[in-house]
There are 2 protein chains.
Amino acid sequence: MARMGIKQIAALAGVSIATVSRTLRNPEIVSEDTRKKVQKAIDESGYKPNKLGASLRTHRSGNVVVIIPDVTDPFNSGIICAIEQQAQKLGYSVLLGDTQNDEARAKQYAEMAEYGQADGIILFSHKLPFDLDPNKTVLEQIPPLVNASEATEHDELPKVLVDNYSGACQATQHLIDLGHKRIAVITGPFDTNSTQERLRGYKDTLFNAGIAYDEQLVCEGDYQLDSGVNETEKLLLLKNRPTAIFCFCDDMAIGSSKVLKENGYDIPNDISLVGFDDIRYASYITPTLTTVRQPVAELGRIAMLQLHQILNKSVAEQLTVLPLELIVRQSTGPVKN
Amino acid sequence: MARMGIKQIAALAGVSIATVSRTLRNPEIVSEDTRKKVQKAIDESGYKPNKLGASLRTHRSGNVVVIIPDVTDPFNSGIICAIEQQAQKLGYSVLLGDTQNDEARAKQYAEMAEYGQADGIILFSHKLPFDLDPNKTVLEQIPPLVNASEATEHDELPKVLVDNYSGACQATQHLIDLGHKRIAVITGPFDTNSTQERLRGYKDTLFNAGIAYDEQLVCEGDYQLDSGVNETEKLLLLKNRPTAIFCFCDDMAIGSSKVLKENGYDIPNDISLVGFDDIRYASYITPTLTTVRQPVAELGRIAMLQLHQILNKSVAEQLTVLPLELIVRQSTGPVKN
DNA sequence: TATTTTACAGAAAACGTTTTCCAAATTGAA
DNA sequence: TTCAATTTGGAAAACGTTTTCTGTAAAATA
């Protein structure tokens, strides 16, 4: 098909290019007669207006880049999916920025906004992918950005988060209620806000129940399957073993459960197990996994909405914190004496 | 930061805009002296060339849109991840087109290529998201496109596929070798090429082993978790139950295993279970899942590479078929008499 | 009928690049 | 020193839109 431009359509319809553009964007301001003429020309030629031309002129690409550590993680892919749904509703397209946990790549993707390829960024990371000049404010140095799920240290950035503290409290309290006193945790990286908050919830809840905090029971994972395996192996070596393990994500819990089962432990009779996220498989593994459900769809939806508001200069919530809910399933049970 | 254009840089460096552009794209054709001048201006101003302007001029957006049914599916997200890796290497960005199995959305995403937002398409679907004029050839009506994983009926389109037939043969033969005679399958949608090929492999293998084909044992699923649940429940109602179930994806196998366990069946002692895909969880569920491994990384990589070649008019493989490998784990065992 | 208002549509500039063409300056050979 | 050959860099067009500004014709008012 011969590449048609607005010029050709104008010629075909016998009007100016301005009129063609108006027919497309503001049909109401062009008279019905000419509108029809133009529409006919468009239909007959199969004209598709070039978005690049428009974007260049309007300074709006209509794209947002989502910077996320790993699409392969079901928690992340769930969010991406939600963002995309909402993006489509609002007329945006999603540029996928899977960083593979690599800072350099995150920077590359962040630059897309500076190069005009994207209008804004949704960032899932505790680290801002920009080289900042400490003499200037953060906001004046970066493109429109919403910080989601994992918080950076910059309070001036709009954020959509989840109540990690409360989530961890609920999970820990649930275990305490079942009589557990030696509750281990397999965390995410210590330098992430999510892990810090969850850890705080864990500690506070233990403290309130009068249970001494034991550093041996705190293992640093990295939110990936294998670290669930590795850290659980370490825990089982302890002379005084935990009676429950609280993993800061479901993937690690799945890794943990594998090790436990392989070594002959029964879940939950020998050891209780709690996850975090409630990925789709949490209710399909054996035993089904008690976990803290994250409102993935809501998180993605709101993040995109917020970015949209920022891009339109309409006031946006500066900070949204979504509640978390403990889903009790079969992997937790009363402690055995 | 004040938005800088090439014009401002040119002024700053005391050269023409052409020279700035040349310094950026073809440094070798500009003398070292001027190159330095320009580079200095660029560095000092933090100039970021606007990609839209360039794209408009060169008719290359540098984007590819990946049209895929559901990012949330781990098989899909694995491929997306692989595509993205390769895209980055080749200098492309990935526009995510999650269709949610909705044809209308697929069309919308496909149009992005026609609107100049993307240079080409990687399509994971058995249906071409275009309204075709039967009088013209397919190729002249659509943008550059690579058909991946799930084949459309259009032979003239470049494809990157997987040897579904052989995969199904291997899985079926494995069960037969274990003594199974009543082998059920839970397929994908019958109108997909992947399901047809796998079904063909299943039937042929049965036939070669002299086992009669029983239509009752063939259930149509939709490649989603729940259909694994539903179809398995139907199978268990049969008077003459299967001794093995071969699911055409791991998610359905996981659904199936849940139903089996819930109803007191031991896997593999009562019923053997085979999946397809080898998603990350296949080796973490209990019992670990025997499955047909798909070369996800390779599939994505080659698809992107092929699209790149098409975009550069260099000759590209028209059809690539990747081999499949059966991974035997604990979910399959000898038939009990 | 004369005058003001309104509705509509065209001309042209602008967005930020790349690239073609051409002129000037430099180099090298004679 | 002169002339051709070669570098080098500038002017300007082009990519495909949107939008401002302006002019004209029709409608409304007097």
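Throughout, protein chains are lettered first and strands after them, A, B, ... in sequence-line order, and every chain is numbered starting at 1.
By the side chain to side chain donor-acceptor pair (under 3.5 Å) test, Gln8(A) pairs with no residue at all, sequence neighbours left out. Residues that satisfy the side chain to side chain donor-acceptor pair (under 3.5 Å) test with Asp73(B), not counting sequence neighbours, are absent from this structure. Take Lys127(B) and apply the side chain to side chain donor-acceptor pair (under 3.5 Å) test, not counting sequence neighbours, and it matches Glu103(B). Residues passing the side chain to side chain donor-acceptor pair (under 3.5 Å) test with Asn101(B): none are found, sequence neighbours excluded. Under the side-chain contact (heavy atoms from CB on, under 4.5 Å) criterion, Thr72(A) pairs with Asp70(A), Ser77(B), Cys81(B), Arg280(B), not counting sequence neighbours.
Each side chain to side chain donor-acceptor pair (under 3.5 Å) pair with one or both residues in residues 51-69 of chain B, not counting sequence neighbours, appears once here: Ser61(B)-Asp119(B). Sorted by first then second residue, the side chain to side chain donor-acceptor pair (under 3.5 Å) pairs that include residues 142-153 of chain B, not counting sequence neighbours, are Asn147(B)-Thr152(B), Asn147(B)-Lys159(B), Glu150(B)-Ser194(B), Thr152(B)-Lys159(B). Counting only residues at least two apart or in different chains, ring-ring contact (aromatic ring centres under 6.0 Å, His included) contacts with residues 7-50 of chain B are absent.
Note on Ser16(A): every side-chain N or O is 4.0 Å or more away from OP1 and OP2 of dA9(C).
Tyr47(B) comes within 4.0 angstrom of the backbone, heavy atoms only, and of no base.
Under the 4.0 Å criterion applied to side-chain N and carboxylate O atoms, Lys107(A) and Glu111(A) are not assigned as salt-bridge partners. For Arg35(B) and Glu32(B), the salt-bridge test fails: no basic side-chain N is under 4.0 Å from an acidic carboxylate O.
Between its opening and closing five pairs, the helix from dT1(C)-dA30(D) to dA30(C)-dT1(D) changes axis direction by 40°, a value rounded to 10 degrees.
Proximity of residues 23-45 of chain B to DNA chain D (heavy atom under 4.0 angstrom from any strand atom) is restricted to Val30(B), Ser31(B), Thr34(B). Looking at residues 48-63 of chain A, you'll see Leu56(A), Arg57(A), His59(A) sit with a heavy atom under 4.0 Å from some atom of DNA chain C.
Looking only at side-chain heavy atoms (C-beta outward), Val64(B) and Leu95(B) stay at 4.5 Å or farther from each other.
Using a 4.0 Å cutoff to heavy atoms of chain A, the contacted part of DNA chain D runs 5' to 3' from dG16(D) to dT20(D).
Atom CG of Asp131(B) sits in a sparse spot, with 12 or fewer heavy atoms from other residues, nucleotides or ligands closer than 6.0 Å.
No hydrogens or angles considered: a donor-acceptor pair under 3.5 Å links the side chains of Gln88(B) and Arg105(A).
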